[in-house]
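Computation of the quantities below employed the complete heavy-atom set of this structure, encompassing side-chain atoms and omitting hydrogens, waters and symmetry-equivalent molecules.
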Amino acid sequence: MRKQKRIMICFCLLLGMSLVGCGVLKGFDAEAYTEAVLKQRLSGDTKAIARLTKEMSEEELTAQYEKEVQTFVAGYITKDVSMGEELTEKYTALCSEIFKSLKYETAKAEKKDKNTYDVNVDIYPTDIFVTFSEKLKHPADEMIQKAENGEYKGTEEEIKTQMQSEFLEYSYTLLEESFEGAQNGKKETVVLTISNKEKKGFAVEEESFSNFLTAILRLDEVK
């Protein structure tokens, strides 16, 4: 009996950016699982997913969530430009609040085969990053003009560092303004794919989550 339970229940550690796996092979609730994953990945709420995956503690799941937000900041905002610890923490905290504000509703799940589910998620895309991108154009032009006027002093590398620091500080203010004035668009539906590959446990396929994030944040419209 004990051996049978081990066969029926399989847990998968998170892969890539917080891909938490759950392996209840009989009676798997794809909708509830998807809702739990989205709560963890967007809000840092680990309680639901912690009940579904016993391999990781809530503290470990929280740490993964924080790392994912930091990865987003580095990839989409600062473009991996080095910045101080204080500014990094400010950006991470702000993006955490942005993620928590995202509006979505988990809808119907469709079982494609015994190891794959497609889960519809209704989203209401935010204009935060589209607005932020537009706001960034003006200070960038101003800084280029200041550089041409010789207002930055030092070596070429020192001037570059000054410009980057000033730009990142001001960008934070603009992102904060964009968040405060954010508006949501009309409902759209995206699909998250949940799969149990090689019987390692169910997990959200990373490509489908990336598409979800791009759609709800309208990242494909950012120039």
Side-chain angles (χ1 to χ4, degrees), residues 14-19 38 40-46 59-104 123-185 206-207 209-223:
L14 175 139
L15 297 174
M17 288 170 43
S18 299
L19 292 180
L38 290 177
Q40 189 249 345
R41 299 190 69 167
L42 299 178
S43 301
D45 183 346
T46 63
E59 289 76 14
E60 290 172 320
L61 291 165
T62 297
Q64 288 178 341
Y65 161 75
E66 292 171 350
K67 182 177 181 180
E68 180 169 320
V69 178
Q70 291 169 1
T71 300
F72 177 85
V73 170
Y76 286 95
I77 301 176
T78 66
K79 307 298 183 183
D80 291 315
V81 173
S82 178
M83 56 184 177
E85 183 178 345
E86 182 179 353
L87 191 55
T88 298
E89 290 178 355
K90 286 174 63 177
Y91 267 109
T92 302
L94 180 55
C95 283
S96 292
E97 291 304 312
I98 290 173
F99 281 9
K100 289 176 184 177
S101 74
L102 297 178
K103 297 185 181 301
Y104 64 90
I123 63 171
Y124 300 84
T126 179
D127 65 356
I128 295 171
F129 286 95
V130 174
T131 303
F132 175 56
S133 178
E134 290 298 318
K135 286 178 178 287
L136 281 178
K137 293 178 181 179
H138 183 59
D141 291 341
E142 282 187 348
M143 290 176 64
I144 292 172
Q145 189 62 53
K146 285 173 66 176
E148 292 176 349
N149 293 341
E151 296 182 38
Y152 297 104
K153 305 299 181 183
T155 65
E156 183 177 338
E157 188 62 31
E158 289 172 338
I159 290 173
K160 180 181 177 181
T161 299
Q162 291 173 43
M163 292 178 71
Q164 287 179 342
S165 178
E166 183 179 329
F167 187 71
L168 288 172
E169 286 281 359
Y170 193 52
S171 295
Y172 175 84
T173 301
L174 297 181
L175 181 57
E176 196 171 38
E177 289 177 358
S178 301
F179 178 36
E180 290 173 352
Q183 295 184 353
N184 293 98
E206 184 58 27
E207 183 178 357
F209 182 80
S210 178
N211 292 338
F212 164 85
L213 203 62
T214 295
I216 200 167
L217 294 174
R218 295 173 60 185
L219 297 177
D220 56 335
E221 299 177 45
V222 174
K223 299 178 181 179

K.L.:
Taking only residues at least two apart or on different chains, which pairs with a member in residues 85-94 satisfy salt bridge (Lys or Arg N to Asp or Glu O under 4.0 Å)?
P.N.:
none

K.L.:
If you compare all heavy atoms of L219 against all heavy atoms of Y76, which two are closest, and at what distance to 0.1 Å?
P.N.:
CD1-CE2, 3.5 Å

K.L.:
Going by side-chain hydrogen bond (donor to acceptor under 3.5 Å, both in side chains), name the residues that satisfy it together with K137, two or more places apart in sequence or in a different chain.
P.N.:
E134

K.L.:
Which residues satisfy the ring-ring contact (aromatic ring centres under 6.0 Å, His included) test with F179, sequence neighbours excluded?
P.N.:
none

K.L.:
What pairs with N211 under side chain to side chain contact (heavy atoms under 4.5 Å, CB included), at least two apart in sequence or on another chain?
P.N.:
E207

K.L.:
Specify the closest pair of heavy atoms between R41 and F99, including all atoms of both residues, with the distance to one decimal.
P.N.:
O-CD2, 4.1 Å

K.L.:
Check ring-ring contact (aromatic ring centres under 6.0 Å, His included) between F167 and all other residues, then give those that pass, not counting sequence neighbours.
P.N.:
none

K.L.:
Keeping D127 on the side-chain end and A182 on the backbone end, is there a donor-acceptor pair under 3.5 Å?
P.N.:
no

K.L.:
Just to verify, which of T92, L217, I98 counts as forming a side-chain contact (heavy atoms from CB on, under 4.5 Å) with F72?
P.N.:
L217

K.L.:
Using side chain to side chain contact (heavy atoms under 4.5 Å, CB included) as the criterion, list what pairs up with S178, not counting sequence neighbours.
P.N.:
I128, T131, F132, K135

K.L.:
Short question: side chain of T88, backbone of G84 - any donor-acceptor pair under 3.5 Å?
P.N.:
yes

K.L.:
For Y124, enumerate each residue passing the ring-ring contact (aromatic ring centres under 6.0 Å, His included) test, keeping only those at least two apart in sequence or located in another chain.
P.N.:
none

K.L.:
Taking all heavy atoms of E68 and all of F209, pick out the closest pair and write down the distance.
P.N.:
OE2-CE2, 3.7 Å

K.L.:
Can you name the side chain to side chain contact (heavy atoms under 4.5 Å, CB included) partners of E157, sequence neighbours left out?
P.N.:
T155, K160, T161

K.L.:
List for me each residue that meets salt bridge (Lys or Arg N to Asp or Glu O under 4.0 Å) alongside E97, sequence neighbours excluded, and say none if there are none.
P.N.:
K100

K.L.:
When rounded to the nearest 0.5 angstrom, what distance separates CG in L38 from OH in Y104?
P.N.:
4.5 Å

K.L.:
Step by step, would you call L136 with L174 a side-chain contact (heavy atoms from CB on, under 4.5 Å)?
P.N.:
CA-CA 7 Å; L136 281 178; L174 297 181; 4.0 Å; yes

K.L.:
With side-chain contact (heavy atoms from CB on, under 4.5 Å) as the test, would you mind laying out the steps for I77 and C95 before giving the verdict?
P.N.:
CA-CA 10 Å; I77 301 176; C95 283; 3.5 Å; yes

K.L.:
Can you check side-chain contact (heavy atoms from CB on, under 4.5 Å) on E176 and L94, steps first, answer last?
P.N.:
CA-CA 7 Å; E176 196 171 38; L94 180 55; 4.2 Å; yes

K.L.:
Can you check whether I216 reaches L42 side chain to side chain, under 4.5 Å on heavy atoms?
P.N.:
no

K.L.:
Do R218 and F129 have side chains that approach each other closer than 4.5 Å (heavy atoms only, starting at C-beta)?
P.N.:
no

K.L.:
What pairs meet the salt bridge (Lys or Arg N to Asp or Glu O under 4.0 Å) rule with one or both residues in residues 165-174, with sequence neighbours excluded?
P.N.:
K146-E166

K.L.:
Suppose we screen for ring-ring contact (aromatic ring centres under 6.0 Å, His included). Which residues come up paired with Y172, at least two apart in sequence or across chains?
P.N.:
Y91

K.L.:
Could you work out, with side chain to side chain contact (heavy atoms under 4.5 Å, CB included) as the rule, every residue matching K67, not counting sequence neighbours?
P.N.:
T71

K.L.:
Of all heavy-atom pairs between P125 and A215, which one has the smallest distance, and what is that distance?
P.N.:
CB-O, 3.6 Å

